[in-house]
Amino acid sequence: IFNKSIYCDQLLSPSLTNICYMYFVQNGDYSVCEKINDVYIKKSCELSKQINLIMQQQNLTNSSYGGWFVEWIMYLICEF
C-alpha cells in the first residue's frame, strides 16, 4: 500500500491527498507532482524535482548529504 500512489486518489480530503502525494515525493517519485491540487505544495514538489535533477547532474545523492539537504528544503517550502 505504501508504494502505490493510486491510493492517494481515493482519499476524500484534498488536504490528505496532497499529504499522501508528498510521501511519494519525499521518496523520489516526482510523477505525482501533476496530481497535487494545492498550488504551494505543487511548487514544493516541482522544486524538489529540480533539486534532485541538479544533484544527479552533480553526481550527488540524498545519501551523500545524509538526506538532510532535501528534507531541509522541503521543510522551508512547507513553512511558507
Side-chain angles (χ1 to χ4, degrees):
I1 219 171
F2 291 112
N3 62 351
K4 297 190 180 199
S5 64
I6 58 171
Y7 295 111
C8 297
D9 296 331
Q10 298 175 7
L11 296 171
L12 298 177
S13 165
S15 296
L16 290 177
T17 301
N18 291 330
I19 290 169
C20 182
Y21 286 136
M22 286 309 289
Y23 166 81
F24 292 95
V25 172
Q26 290 178 333
N27 288 290
D29 181 359
Y30 303 104
S31 67
V32 300
C33 290
E34 62 189 36
K35 297 180 179 182
I36 296 172
N37 57 25
D38 181 275
V39 174
Y40 298 107
I41 296 175
K42 184 177 257 185
K43 285 182 182 180
S44 171
C45 184
E46 292 296 333
L47 181 59
S48 181
K49 182 179 179 179
Q50 291 173 4
I51 290 169
N52 185 54
L53 288 173
I54 291 168
M55 290 174 66
Q56 286 179 1
Q57 290 171 351
Q58 300 296 321
N59 292 321
L60 301 173
T61 63
N62 285 346
S63 60
S64 67
Y65 281 105
W68 66 268
F69 180 74
V70 172
E71 290 178 18
W72 178 71
I73 294 294
M74 294 299 291
Y75 170 78
L76 290 176
I77 293 168
C78 290
E79 286 296 307
F80 298 105

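Only a predicted model underlies this, so the values are computations on that prediction, with no experimental measurement involved.
Pairing each heavy atom of D29 with each of V32, the nearest pair is O-CG2, 3.5 Å. Contact record, Y21 with S5: CE2-O, 3.9 Å, taken as the closest heavy-atom pair. A pairwise comparison of heavy atoms in E34 and K42 identifies O-NZ, 3.5 Å as the closest pair.
The CE atom of M22 lies 10.5 Å from the CG atom of N27; values are rounded to the nearest 0.5 Å. In this structure, NZ in K43 is found 13.5 Å from SG in C33, a value given to the nearest 0.5 Å. Between E46 atom CD and I41 atom CD1 the span is 13.0 Å, to the nearest 0.5 Å.
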Trace of the side-chain contact (heavy atoms from CB on, under 4.5 Å) decision for L11 with C20: CA-CA 9 Å; L11 296 171; C20 182; 3.8 Å; yes
Kindly indicate, with the supporting measurements, whether the criterion side-chain contact (heavy atoms from CB on, under 4.5 Å) is fulfilled by S48 and Y30. CA-CA 8 Å; S48 181; Y30 303 104; 3.4 Å; yes
Criterion side-chain contact (heavy atoms from CB on, under 4.5 Å) on T17 and K35, from CA distance to verdict: CA-CA 9 Å; T17 301; K35 297 180 179 182; over 6 Å; no
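For L53, the side-chain contact (heavy atoms from CB on, under 4.5 Å) partners at least two apart in sequence or on another chain are Q56. Under the side chain to side chain donor-acceptor pair (under 3.5 Å) criterion, S15 pairs with no residue at all, not counting sequence neighbours. Under the side chain to side chain donor-acceptor pair (under 3.5 Å) criterion, D38 pairs with no residue, sequence neighbours left out.
Counting only distance, with no hydrogens or angles, the side chain of N18 and the backbone of N37 share a donor-acceptor pair below 3.5 Å.
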